[in-house]
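Shown next, in structure tokens, is the structure this report addresses.
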Number of protein chains: 2
Amino acid sequence: MEAILNILQKFSNIPQESLERFVGKLHEKSIPKGETLIREGEVCNQLSFINKGFVRSYYFKDKKDITISFSMTGEFIASMSSFISQKPSYETIEALEHCHLYQISYQDLMDLFEKDSHLEHLYRLILEQYYVALEEHLIFSKFKTAKERYLELIETKPLIIQKAAVGQVASYLDMSLETLSRIRANI
Amino acid sequence: MEAILNILQKFSNIPQESLERFVGKLHEKSIPKGETLIREGEVCNQLSFINKGFVRSYYFKDKKDITISFSMTGEFIASMSSFISQKPSYETIEALEHCHLYQISYQDLMDLFEKDSHLEHLYRLILEQYYVALEEHLIFSKFKTAKERYLELIETKPLIIQKAAVGQVASYLDMSLETLSRIRANI
DNA sequence: CTGATTTTTTGATTTTTATCAATAGCCTTC
DNA sequence: GAAGGCTATTGATAAAAATCAAAAAATCAG
């Protein structure tokens, strides 16, 4: 529990009471390597904090899977569009290694927001950070060559390269796995 | 004022009193065509609702400007990462046609959130919608050819093609202006 | 209206990257 | 430790799109 408390306290100096209210609704979950957290077509009704582990989010296009994102220890993960809208997810999230999560259900979270505005405030701040990160990912990969995108990833998220398969990283970087393999060969 | 009220009421059935509190902090602003709303390097301290008009957000890379997004009547616009962090913006936002805006300052908005949690709730819902839209933009342009990206834009946001210059749309779609011109030539 | 400037189109060529195909490496698991 | 099944690399070729260059069209200023 400490890890998630530390992260949350970094976002705002929220009253201890509110934090406890939030923590009271969390439940632990373990996902073995290779299993899925959420599958395409299901409604994502859990927001997960990755206490330990590494996951990949992807969707299918022409029978190939295309990586949307990787998430690691200390981050929140959900099929956001599905969680927000409570409609079926188009993405699947799988554990690339054994994961230990803290989860809160959509309903519990919404109930908390009604009762305690400090928690909605905290959630707003987190959402803003994720929005900015997404925007930067989108913008700064524009008009870069395949090699530049790979080098940028090494700089910003080296763990991904260590932990994920070449093909999974390649589709994340919008290139074929052969291209990524060649880039790696020439440093 | 009606337009912004209609939009806000669609997001949640917020008390009239809260809405009035919010509206009380809005100020009108007109931006002539060609002028900027926010310039690279400045801190973006206004969130703007486009009551009427059309704007483009872009940044510079190797002396060329690259379009990040277009926003039109009925939408909110700000240099989000700058507004959220209150640090200098890397993006510039220009009016592609004469704009009539309703603006609220960062400080006023934060003050309102402290006083009235209904408003923070409303803002959270809007932010979620923008997050989902951004994610979909990112995902659905992946592994599409230049032509597919253009056809998708015609489907989803035809106004952009009507109102923006070829080069501005091309960089938004991550292709050279010559490529876009050729795509247009072959329908 | 007309010359000047900007924007768009068109053409030729090069570069980048995808695709197809084969080989090599490597974990498993029996 | 060998067979089988993934995963990664390497090679040859094709396709997509960028770049360089010039012409045509549209817009603007006086």
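By convention in this document, chain letters (A, B, ...) are assigned in the order of the sequence lines, proteins followed by strands, and residues within each chain are numbered from 1.
Rounded to whole Å, the distance from CZ on A:Phe143 to C1' on C:dT16 is 14 Å. Separating the CG atom of A:Asp62 from the P atom of C:dA18 is a distance of 15 Å, rounded to the nearest angstrom. Here the P atom of nucleotide C:dA18 and the NZ atom of B:Lys142 are 12 Å apart, to the nearest Å.
At a threshold of 4.5 Å between non-hydrogen side-chain atoms, the residues A:Gln103 and A:Ser48 count as touching. The closest side-chain heavy-atom distance from A:Ile31 to A:Val55 is not below 4.5 Å.
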For nucleotides 4-11 of chain C, which of its nitrogen or oxygen atoms have a protein nitrogen or oxygen under 3.5 Å away, and what is each distance?
| unit_1 | atom_1 | unit_2 | atom_2 | d |
| --- | --- | --- | --- | --- |
| C:dT8 | OP1 | B:Val166 | N | 3.2 |
| C:dT8 | OP2 | B:Val166 | N | 3.3 |
| C:dT9 | OP2 | B:Ser181 | OG | 2.8 |
| C:dT9 | O5' | B:Ser181 | OG | 3.0 |
| C:dG11 | N7 | B:Arg182 | NH1 | 2.8 |
| C:dG11 | O6 | B:Arg182 | NH2 | 3.2 |

Protein-proximity profile, nucleotides 24-30 of chain C, B/S/- by nucleotide at the 4.0 Å heavy-atom cutoff, equals -------
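Counting only residues at least two apart or on different chains, the salt bridge (Lys or Arg N to Asp or Glu O under 4.0 Å) pairs with a member in residues 120-134 of chain A are A:Glu120-B:Arg124, A:Arg124-A:Glu128, A:Arg124-B:Glu120. For residues 129-139 of chain A, the pairs satisfying side-chain hydrogen bond (donor to acceptor under 3.5 Å, both in side chains) are A:Glu135-B:Tyr90, with sequence neighbours left out. Legend: ring-ring contact (aromatic ring centres under 6.0 Å, His included) pairs involving residues 12-49 of chain A, not counting sequence neighbours, sorted by first then second residue: A:Phe49-A:Phe76. Residue pairs meeting the salt bridge (Lys or Arg N to Asp or Glu O under 4.0 Å) criterion with at least one member in residues 58-83 of chain B, sequence neighbours excluded, are B:Arg56-B:Asp65.
Taking a 6.0 Å sphere around CD of A:Glu114, one finds it holds 12 or fewer heavy atoms contributed by other residues, nucleotides or ligands. Heavy-atom contacts from other residues, nucleotides or ligands closer than 6.0 Å to NZ of B:Lys142 number more than 12.
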Name each donor-acceptor pair under 3.5 Å that joins a side chain in residues 162-170 of chain A to protein atoms two or more places apart or in another chain, with its distance.
| unit_1 | atom_1 | unit_2 | atom_2 | d |
| --- | --- | --- | --- | --- |
| A:Lys163 | NZ | A:Glu97 | OE1 | 3.4 |
| A:Lys163 | NZ | A:Glu97 | OE2 | 3.2 |
| A:Gln168 | OE1 | A:Ala165 | N | 3.1 |

Show me the donor-acceptor pairs within less than 3.5 Å that the side chains of residues 7-18 of chain B make with the rest of the protein, sequence neighbours left out.
| unit_1 | atom_1 | unit_2 | atom_2 | d |
| --- | --- | --- | --- | --- |
| B:Glu17 | OE2 | B:Arg21 | NH2 | 2.9 |
| B:Ser18 | OG | B:Asp116 | OD1 | 3.4 |
| B:Ser18 | OG | B:Asp116 | OD2 | 2.7 |

Could you pull out every donor-acceptor pair under 3.5 Å between side chains of residues 81-88 of chain A and any protein atom, sequence neighbours left out?
| unit_1 | atom_1 | unit_2 | atom_2 | d |
| --- | --- | --- | --- | --- |
| A:Ser82 | OG | A:Cys44 | N | 2.8 |
| A:Ser82 | OG | A:Lys87 | O | 2.6 |
| A:Ser85 | OG | A:Ser81 | O | 2.6 |
| A:Ser85 | OG | A:Lys87 | N | 3.3 |
| A:Gln86 | NE2 | A:Cys44 | O | 3.1 |
| A:Gln86 | NE2 | A:Phe83 | O | 2.9 |

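The side chain to side chain contact (heavy atoms under 4.5 Å, CB included) test applied to B:Ser176 returns B:Glu178, B:Thr179, not counting sequence neighbours.
Comparing the end axes of the helix from C:dC1-D:dG30 to C:dC30-D:dG1, each fitted to five base pairs by superposing C1' atoms of four pairs onto the next four, gives an inter-axis angle of 50° (nearest 10 degrees).
B:Val43 is not connected to B:Met80 by any chain of hydrophobic side-chain contacts under 4.5 Å among Ile, Leu, Val, Met, Phe, Trp and Tyr, and they are in different clusters.
Once you apply a 4.0 Å limit to the heavy atoms of chain A, the touched nucleotides of DNA chain D run 5' to 3' over D:dA8 to D:dA12.
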